[in-house]
Amino acid sequence: MNPRCNALQPSSSISKFISENSCLSMLEKNCRSMRDLQKLHAQLIKTGLSMDIIAVSRVLSFCATSPFGDINYAYQVFSRIEQPNAFSWNTIIRGFSQSSCPQNSIHLFISMLHSSTVEPIKLTYPSLFKAYANLGQAQDGAQLHGRILKLGIECDPFIRNTIIYMYSNCGYLVEASRLFNEYSDVDIVAWNSMIIGYAKNGQVSESLRLFDKMPWRSDVSWNSMISGCVRNGKLKEAFHLFQRMQNEGIKPNEFTTVSLLNACAQSGALKQGEWIHAYIQKNKIQVNPIVLTAIIDMYCKCGSIGKALQVFETASTKGLSSWNSMIIGLAMNGDGKEAIQMFLELERLSGLRPNDVSFLGVLTACSHSGMVTEAQYYFSQMTETYQIKPTIKHYGCLVDVLCRAGLLEEAEEVITELTETPDVIMWGSLLFACKQHGNVEMGKRAAERILELDPTETSGYVLLANAFALTGRYEEAIDARALMKERDIRKEPGCSLVEVEEVVHEFVVARRSHPREKEIYRVLDELGLILKETAECVFQDGLDGFLD
DNA sequence: ATAGGGTTAG
């Protein structure tokens, strides 16, 4: 920092006291967004308080750890502190541990170890274990666990609990329960971590068993159990727990409503979702960016794009994730142009920087609406202008859009030039496109790759057989079908849920079990005919018949 | 009078 800045600082300690107090108390009570924070930060800079380590640390803490904060801004603030103290280090490490790049916590910890002015202290470690937990890297975290044992501080309940959480969150339930059982004085946080671990690893009945065995249950216990149920598709159980929770006098909060909104989104239960939305408003549950995102996502998944847009547009504190779920919602709904428009607004008006998920939304929009040149443009913008490394999902969109446009060579080129292993979905898009365009040779290559990657993947056999049949190579078509029979592969039936007037109706592929199935399928057939007449593209056909 | 554990979206 320019040393002359010091000369501009107000000399009167009284004025300093006044501005410090008004600014900082504002920070605690009224700061609801980065816009507010930036105003306060500007004020601090104007009054010279930006050099004050305590004032700056509070700004840092808001940016790094509040749900309204911005970790990149926090890092900017941190890197301008001349001599960060242990507080500053711990705050920024904690901020990254709960961000989308927890790896930075570990990098920062290493810099901290190399720094000559500060030493890690007990309070530094929980954030690091949380970073490892969020990265799913418990093996690397185990090395830090070794360091904790050497330092003799495993008995610290905060440290021990994050270690339990790390192991259990990453599926190392043996290690987690060993530590859980080793100490007789484990507290409720340790119980909760175990519940979360079992639920995240598909053992929700084990979670419920622990939940019932607990000495007492905090709001976090209830929320963890509800989210565990939703994660495992036990939606009725989740709503039942919500009832029980209220009966026991525990107040549902942001976390509870996010899980329940998620349950509604999963099942398409619009009425229930609307009810939760109303519950949030009535009970003054704070609509932080995550809750906002969950509301938008629920409306999108339940098909109410208009309502989602309305909520989005009237919200005052939109996080990047809120923009992203709106872009993805529009893209999935087939509103490709609107999705791209939304992305452009995000870029130009929000002051936020699009991330990999934003681009995934745009690319999904392009692929769902068949916009090839746009997809290529945004893909290069992502990698070149924004320097974002594409994931397999981004490549998947690119392959998909090329396939839909019939650019099979280009699509295959993208796949074969990947540095990582292409996924089954990608080859599947190509295979399906090959079938549509009658390119049997390439289709065969794609099918072979699919069957290599996942011999239980039915679409490989089915599409391969169809591709052969389409070009009159019936013998080979029969071989492909026989191979599938021989390996005794059965498709897990697809299933969709539709909510009509508060009743959820379930439809399973090739199983006509609905009481009004005759009427429903008659209308569906009629719609299919109309679509076939109007649409130019060829619809996927014969799949159901083949599987019967 | 700025810092530590468990629950959350895409």
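Worth saying up front: this structure is predicted, and the values here are computed from it rather than measured. In what follows, chains carry the letters A, B, and so on, assigned in the order in which the sequence lines appear, proteins first and then strands, with residues in each chain numbered from 1.
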The single option from A:Phe96, A:Phe109, A:Phe78 that satisfies ring pair (Phe, Tyr, Trp, His ring centres under 6.0 Å) with A:Trp89 is A:Phe78
Test item: side-chain donor near acceptor, A:Arg147 and A:Gln143, under 3.5 Å: no
Between A:Phe255 and B:dT7, do the rings stack, that is, sit under 5.5 Å apart with planes less than 30° off each other? yes
Choosing from B:dT2, B:dT8, B:dG4, which nucleotide comes nearest the side chain of A:Ser259? B:dT8
What's the closest nucleotide to the side chain of A:Ser127 if the choices are B:dG10, B:dG4, B:dT2? B:dG4
Roughly, in whole Å, what's the span from CG in A:Leu261 to C1' in B:dG10? 14 Å
Would you kindly compare A:Asn288 and A:Thr162 by the position of their nearest DNA chain B nucleotide and give the one closer to the 5′ end? A:Thr162
Just to be sure I understand the rule, does A:Asp156 reach a base, reach only the sugar-phosphate, or reach nothing, if contact means heavy atoms closer than 4.0 Å? base
Over how many whole Å does the gap from A:Gln98 atom CD to B:dG4 atom C1' extend? 12 Å
From the candidates B:dA9, B:dG4, B:dT7, the one with an atom nearest any side-chain atom of A:Pro126 is B:dG4
Can you establish whether the number of heavy atoms outside A:Gln83 located under 6.0 Å from its atom CD is more than 12? no
Starting at CD1 of A:Ile188 and ending at P of B:dT7, how long is that distance when rounded to a whole Å? 14 Å
List the steps, then state whether salt bridge (charged side-chain N to carboxylate O under 4.0 Å, His left out) holds for A:Arg353 with A:Asp70. CA-CA 11 Å; A:Arg353 192 183 160 84; A:Asp70 175 348; over 6 Å; no
Among B:dG4, B:dT2, B:dG10, which nucleotide sits nearest the side chain of A:Arg94? B:dG4
Should A:Asn90 be listed as having a side-chain N or O under 4.0 Å from OP1 or OP2 of B:dG4? no
Taking CD1 in A:Ile425 as the centre, count heavy atoms belonging to other residues, nucleotides or ligands within less than 6.0 Å. Is the count above 12? no
N-O pairing of A:Glu206 and A:Arg209 below 4.0 Å: yes
Examine B:dT7: is either OP1 or OP2 under 4.0 Å from a nitrogen or oxygen in the side chain of A:Arg231? Give yes or no. no
Got a donor-acceptor pair under 3.5 Å from the side chain of A:Thr91 to the base of B:dA3? no
Looking at every strand, decide which applies to A:Leu60 at a 4.0 Å heavy-atom threshold: base, sugar-phosphate, or nothing. nothing
State whether A:Lys301 places a side-chain N or O below 4.0 Å from either non-bridging phosphate oxygen (OP1 or OP2) of B:dA9. no
In whole Å, I'd like the distance from the CE atom of A:Met166 to the P atom of B:dT7. 14 Å
Rounded distance (Å) that lies between atom P of B:dG4 and atom CG of A:Leu123: 8 Å
Which part of the nucleic acid does A:Ile328 contact within heavy-atom distance under 4.0 Å: base, sugar-phosphate only, or nothing? sugar-phosphate
With the criterion set at under 5.5 Å between ring centres and under 30 degrees between planes, would B:dG4 be stacked on A:Phe158? yes
Partner of A:Phe359 under ring pair (Phe, Tyr, Trp, His ring centres under 6.0 Å), picked from A:Tyr386, A:Tyr395, A:Tyr378, A:Tyr377, is A:Tyr386
Whole-Å distance between B:dT7 P and A:Asn169 CG? 7 Å
Under 4.0 angstrom, heavy atoms only, what part of the nucleic acid is A:Phe87 near: base, sugar-phosphate, or nothing? base
Aromatic contact, A:Trp323 with A:Phe312 (centres under 6.0 Å): yes
Can you tell me the distance, in whole Å, between the CD1 atom of A:Ile53 and the C1' atom of B:dA1? 15 Å
Taking the six-membered ring for Trp, are A:Phe129 and A:Tyr132 parallel (under 30°), tilted (30 to 60°) or perpendicular (over 60°)? tilted
Quick one, which residues of residues 197-229 of chain A touch DNA chain B with a heavy atom under 4.0 Å? A:Ser218, A:Val220, A:Asn223, A:Ser224, A:Ser227
Using a 4.0 Å heavy-atom cut-off, does A:Asn355 contact any base of the nucleic acid, only the sugar-phosphate backbone, or nothing at all? base
Rounded to whole Å, CG of A:Asn324 lies from P of B:dA9 at a distance of 14 Å
Side chain of A:Ile54, heavy atoms from C-beta onward: which of B:dG10, B:dT8, B:dA1 has the nearest atom to it? B:dA1
